[in-house]
Amino acid sequence: MVGSTEAAKNTYQGQMHLLQKEIMGRYFERLTRAAEKGEGKAVYMLISGNPVELIQAFDLIPVYPEIDALQLAVKKSALPFIQKAEELGYSMDNCAYVKADVGLFLGDRKTPFATIPLPSLILCNYVGCNVYLQWFEHLAEYCDGELYNLDIPFLRDPSGQPSPEDITYVVRQLEEVIEICERISGKKLDYARLKAIVGRSGETGEMWSRIKGLTKNIPSPFDAYFDSVTMMAPLYCLRGTEEGLRFFETALKEMEEKVQMGTGPLAEERFRFIIEGPPPWPYLRTFRDLFSKWGAVAVASTYSTVGGLWEFGFRHDANRPLESIAQHMLQWNVTNRNFLQRYQQIRRYVQEWHADALVIHSVKSCRLFSAGQGDMREYFTKELNVPTLLIESDIEDPRYFSEAQIKNRIDAFFESLEHKKLVHAAAEAGGAA
Amino acid sequence: MAIEDFISRHQEILENSPLDLASNWKREHPATKLIGCYPVYSPVELIHAAGMLPVGVIGAGNRLEIAHADSRFQSFVCSIVKSTLELGLTERLKFLDGIVFHSICDPARNLGSVFKRNFPDMMVEYIHFPQNLSSPHAVDYLTAEYQRLKASYEKMAGTEITDEALRGSISLYNEQRRLLRELYALRKDTPQNLSTVECYVLTRIGTLLPPEEHISILKEAIPGLRQRNEKPKDRIRVVLEGSFCEQPPIELLEALEAAGCYILDDDFLLGWRWFLEDIPTHGDPWRNLANAYINQSVYSGVKHDTREPKSKHLIDKVKETGASAVLILAAKFCEPALFDYALYKRALEKAGIPHLCLEFEEKMWIFDKARTEVETFVESMLFD
């Protein structure tokens with residue numbers, strides 16, 4: 001077995017990680033300046049299928065409470081905010097992202113990474129997650145910001161496509177959002193500028209899609225879960241900007257070089273897995289090490305498609321800016337697709353990304369992801385014969401992470417996979433003899 | 001049959017196996033197709049106008065053991081999602097030809113997909129109700145959504161849903177809802193004459209029978225109930241909120257009243273009482289149905305209307321009914337109800353209206369704790 005001391009030496013860092021720190025640092029400074037010096041106006045949005053292009057077109061500042069909440073969790077400072085919200089009447093069983101954010105919002109909004117500005121517009125892009133509606137409804141009650149529910153019809157037709165009426169409904173609403181942004185920013189929409197931004201989003205999508213395709217290589221040049229999350233923040237906060245595009249160019253180049261050199265995130269890639277579900281932010285590093293010690297690398301993840309699903313071909317189109325933003329929101333992200341479409345997305349990952357197994361990380365807070373994952377496990381183990389591990393913790397609340405229990409499950413799973421591999425290899429050798 | 005006997009006979013069915021009422025009806029009418037309606041609201045008129053019968057599939061109560069569904073849905077998912085799947089996995093929904101789910105919450109939505117995969121013979125529909133109620137385009141959208149369902153249900157029923165048929169169904173369900181509003185008004189005005197359990201039973205059977213039958217039951221029952229002349233007891237008068245989806249066990253409702261409350265209004269079976277007034281029957285019935293959802297429906301934890309806060313509606317309800325307190329009765333793990341509670345708590349405290357928050361599960365068996373909590377609350381109200 002690979003010793004855990006070796007895993008502990010992994011730094012998992014590269015050029016991309018350093019650049020991400022730099023540009024996200026600048027983004028958070030912008031938030032702080034807005035909060036403390038009144039420079040610029042903030043628009044709160046949600047990650048799933050976000051229409052950040054519209055916000056960039058008005059030079060408004062996109063603020064994602066989900067990113068604030070996850071940063072609090074990563075910095076191990078979420079719990080006091082969660083508890084504050086619970087004191088106010090939020091239930092133990094409510095999404096802890098919301099609770100951490102509410103706790104933060106009702107205080108001085110100072111965090112170890114930024115001071116979060118109050119919103120001028122609370123734009124609830126309701127893409128899949130029903131809790132989003134509650135979340136922003138609550139924030140709107142706690143401040144003077146204007147609330148707009150941008151309603152995205154869920155993919156429910158057997159074709160898996162939005163109807164023409166769905167697209168029209170979303171485009172009409174985007175036009176209403178534009179009117180509000182014009183009022184808030186005090187300037188008219190510059191349509192040519194919007195087209196340029198949407199064009200850059202198209203290019204960014206192309207880069208991101210190529211980056212994601214690289215993990216089909218053996219070994220995979222990076223971990224499509226733990227390293228992808230590093231790339232997700234620029235994708236949502238800076239998509240459509242020059243800076244964001246340059247980040248993805250740099251990341252692509254670095255990952256292509258790794259492919260050429262045949263290197264990956266670990267000294268040796270022994271298992272390739274697909275992972276479903278959001279990460280346990282409060283214990284991200286601990287969680288990663290539990291896989292690394294087995295030489296297990298995630299080669300694709302559903303979580304990295306929350307904000308958008310580009311690896312199956314979607315690109316924003318500068319010639320149809322509003323329609324393509326609508327299509328992105330309706331169809332090209334995992335959260336607005338139905339649960340069975342997610343099964344098929346994972347199935348493609350298993351096949352096309354050459355995976356040995358599926359790991360389902362079931363989080364209590366996010367029932368959009370988790371409710372029914374037992375059925376998903378049933379489908380993959382019984383119908384497709386894909387070894388599947390289901391483990392439970394939480395995305396935000398540190399009280400739901402039991403390291404010993406999760407470690408036991410992961411160890412037992414990879415031990416059994418290793419055994420299967422040995423048996424299989426022996427059978428192959430026997431067959432060849 | 002005396003109304004008391006009628007209610008107690010039906011109460012027993014509802015306590016044991018509520019869907020028996022509908023499956024028995026299906027046995028006698030094998031040619032009619034039955035469509036299950038998951039909570040909260042379904043446009044039942046649309047199903048009825050296709051010559052089919054909409055049936056409320058609103059959980060399994062506390063007599064069904066969950067033996068399979070808990071391996072599909074985790075421990076932190078509410079009871080009704082699991083009990084509904086259990087009903088399917090144990091072949092208790094075979095009498096249904098289809099089922100419809102809606103965009104009320106994340107587990108219910110995923111349940112629709114799980115149904116689709118596990119029960120390929122059943123037609124599983126899913127309605128996305130608009131959540132941008134202030135946009136003028138929402139009515140167009142919902143009208144189109146109903147047209148999409150129309151095509152789907154026409155195929156299933158093998159018959160066209162004409163505007164005339166839909167108007168007829170709207171008119172029929174208008175009458176049913178009107179009678180339910182009368183029943184509720186009767187309890188609000190004279191809660192000593194109509195217990196919450198009686199009101200609940202008379203409402204719930206309407207989700208399991210053809211509306212024509214339910215209408216005649218209510219028409220016969222209401223005048224009789226008006227004749228009652230009971231003396232009011234020393235009880236506090238409350239509005240109950242939070243049970244719009246999963247339903248509390250009937251024994252729990254009995255316990256709440258016995259603990260010293262008159263419940264003047266509640267949100268049980270809310271989707272079947274969804275409209276504040278009749279839906280117009282003239283003009284385009286599809287658009288009327290859509291417009292009613294957006295402009296004439298009740299407030300609810302699953303409808304996010306930015307035009308007016310839900311807590312304002314709750315406080316208005318308290319004032320209109322003359323209640324002196326609010327009982328929040330939220331299903332365990334129900335995110336919409338539990339989130340709403342945080343806002344309700346804040347608003348009720350600000351308005352100086354006392355409240356008590358209780359959680360329940362449809363599968364619960366023991367009610368002593370809830371009863372004690374309510375008794376304590378009642379005592380604090382009566383003797384303070």
Side-chain angles (χ1 to χ4, degrees), chain A residues 85 88-95 98 102 124 126 128-131 133-138 140-141 147-158 163-166 168-169 172-173 176 338-343 362 364 366-379 390 392, chain B residues 69-77 81 85 103-114 116-118 125-128 130-138 140-141 144-145 147-148 301-302 304 306 309-311 330 332-336 338-347 357 359:
Chain A
L88 293 172
Y90 289 86
S91 162
M92 280 292 287
D93 298 317
N94 277 137
C95 168
V98 181
V102 164
C124 181
Y126 165 46
C129 170
N130 269 277
V131 167
L133 292 161
Q134 316 271 352
W135 191 340
F136 276 23
E137 183 181 352
H138 287 225
E141 285 230 357
L147 172 63
Y148 184 91
N149 280 350
L150 173 49
D151 177 30
I152 307 299
F154 191 65
L155 290 190
R156 60 220 180 279
D157 191 79
S163 67
E165 290 83 4
D166 291 347
T168 306
Y169 176 45
R172 292 285 97 85
Q173 292 180 85
E176 291 178 359
N338 66 54
F339 204 38
L340 298 181
Q341 287 177 299
R342 202 186 321 157
Y343 291 13
S362 174
K364 179 179 177 179
C366 184
R367 290 167 174 95
L368 173 150
F369 257 104
S370 61
Q373 278 170 331
D375 187 73
M376 178 188 279
R377 174 180 56 189
E378 188 93 358
Y379 173 71
L390 194 152
E392 283 185 25
Chain B
D70 49 3
S71 75
R72 309 295 179 91
F73 281 89
Q74 298 91 323
S75 55
F76 50 74
V77 174
V81 162
L85 181 60
S103 49
I104 53 165
C105 70
D106 298 325
R109 186 204 36 227
N110 288 3
L111 178 64
S113 284
V114 171
K116 221 169 200 169
R117 189 179 89 77
N118 286 275
E125 262 300 349
Y126 182 87
I127 302 175
H128 179 96
Q131 292 288 10
N132 182 353
L133 303 178
S134 53
S135 169
H137 306 292
D140 294 338
Y141 161 76
E145 179 71 346
Q147 291 289 334
R148 183 182 70 79
V302 296
H304 300 272
T306 57
K310 271 175 277 197
S311 48
K332 186 149 182 62
F333 303 119
C334 173
E335 285 220 279
L338 294 171
F339 269 124
D340 281 348
Y341 172 61
L343 294 185
Y344 288 154
K345 178 173 185 280
R346 186 169 176 261
C357 180
E359 284 189 17

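Throughout, protein chains are lettered first and strands after them, A, B, ... in sequence-line order, and every chain is numbered starting at 1.
Neither the backbone nor the side chain of B:D70 comes within less than 4.5 Å of any heavy atom of chain A. Using a 4.5 Å cut-off between heavy atoms, A:C124 makes no contact with chain B at all. Interface residue A:I152: only backbone heavy atoms are found under 4.5 Å from chain B. Proximity to chain B (any heavy atom under 4.5 Å) is shown, for A:V102, by neither the backbone nor the side chain. Looking at A:Q134, the atoms closer than 4.5 Å to chain B (heavy atoms on both sides) sit in the backbone and in the side chain alike. Contacts of A:C366 with chain B are absent, with no heavy-atom separation under 4.5 Å from either backbone or side chain. Proximity to chain B (any heavy atom under 4.5 Å) is restricted, for A:E392, to the side chain, taken from C-beta onward. For A:L368, the parts lying under 4.5 angstrom from a heavy atom of chain B are both the backbone and the side chain. If you measure heavy-atom distances from B:Q147 to chain A, you find no contacts under 4.5 Å at all. Only the backbone of B:I104 comes within contact range of chain A, with at least one heavy atom under 4.5 Å from a heavy atom of that chain. Interface residue A:Y148: only side-chain heavy atoms are found under 4.5 Å from chain B. Neither the backbone nor the side chain of B:A330 comes within contact range of chain A; no heavy atom of the residue lies under 4.5 Å from a heavy atom of that chain.
Side-chain contact between B:K332 and A:D93 is present, with at least one heavy-atom pair separated by less than 4.5 Å. You'll find the side chain of A:Y169 reaches within 4.5 Å of the side chain of B:P130, heavy atoms only. A:Y126 is not listed as a side-chain neighbour of B:H304, based on a closest heavy-atom distance of 4.5 Å or more. Proximity of B:E359 to A:S91: side-chain heavy atoms (C-beta onward) are separated by under 4.5 Å at one or more points.
Judged purely by distance below 3.5 Å, without hydrogens or angles, the side chains of A:D151 and B:H128 pair a donor atom with an acceptor atom.
Residue A:S370 comes nearest to B:F76 through the heavy atom pair OG-CE1, 3.4 Å, listed as atom of the first residue, atom of the second, then distance. Closest approach of B:Q74 to A:S362, counting heavy atoms only: NE2-OG, 2.9 Å. The heavy-atom pair separating B:F73 from A:A371 by the smallest distance is CE2-C, 3.5 Å. The two atoms that bring B:S113 and A:L340 nearest to each other are O-CD1, 3.5 Å, heavy atoms only.
Of the listed residues (A:G374, A:A140, A:P158), the one with the most heavy-atom contacts under 4.5 Å to chain B is A:G374. Contacts with chain B were tallied for A:K364, A:R377, A:M376; A:K364 has the most, counting heavy-atom pairs under 4.5 Å. By number of non-hydrogen pairs under 4.5 angstrom with chain B, the leading residue of A:R342, A:Q173, A:Q341 is A:Q173. Comparing B:A144, B:P309, B:S134, B:P336 by heavy-atom pairs within less than 4.5 Å of chain A, the highest count is held by B:P336. Ranked by heavy-atom pairs under 4.5 Å with chain A, the first of B:T306, B:D340, B:V114, B:V77 is B:V114. When each of A:E137, A:H138, A:E165 is scored by its heavy-atom pairs under 4.5 Å with chain B, the top score falls to A:H138.
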- Message: Does A:R367 form a side chain to side chain contact (heavy atoms under 4.5 Å, CB included) with B:N110? I'd like the steps, not just the answer.
- Response: CA-CA 9 Å; A:R367 290 167 174 95; B:N110 288 3; over 6 Å; no

- Query: How far apart are the C-alpha atoms of A:E378 and B:R117, what are their side-chain angles, what is the distance that settles it, and do they pass the salt bridge (charged side-chain N to carboxylate O under 4.0 Å, His left out) test?
  - Reply: CA-CA 11 Å; A:E378 188 93 358; B:R117 189 179 89 77; 5.6 Å; no

- Take B:S311 and A:E141 through the test side chain to side chain contact (heavy atoms under 4.5 Å, CB included) and record every step on the way to the result. CA-CA 10 Å; B:S311 48; A:E141 285 230 357; 3.9 Å; yes

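Once rounded to the nearest 0.5 Å, the distance linking CG of A:N94 with CD of B:E335 reads 5.0 Å. In this structure, OG in B:S135 is found 3.5 Å from CD in A:E176, a value given to the nearest 0.5 Å. The OG atom of A:S163 sits 7.5 Å away from the CZ atom of B:R148 when rounded to the nearest 0.5 Å. Taking CD of B:E145 as the reference point, atom CZ of A:R156 lies at 4.0 Å (rounded to 0.5 Å). The distance from the CZ atom of A:F369 to the CG atom of B:D106 is 11.0 Å, given to the nearest 0.5 Å. In this structure, CG in B:D140 is found 9.5 Å from OG1 in A:T168, a value given to the nearest 0.5 Å.
Cation-pi contact between B:R109 and A:F154: present, with separation from the ring centre below 6.0 Å and deviation from the ring axis of at most 45°.
Aromatic ring orientation, A:Y90 versus B:F339: perpendicular (interplanar angle above 60°, classes split at 30° and 60°).
With hydrogens and angles disregarded, no donor-acceptor distance shorter than 3.5 Å links the side chain of B:N132 to the backbone of A:L150.
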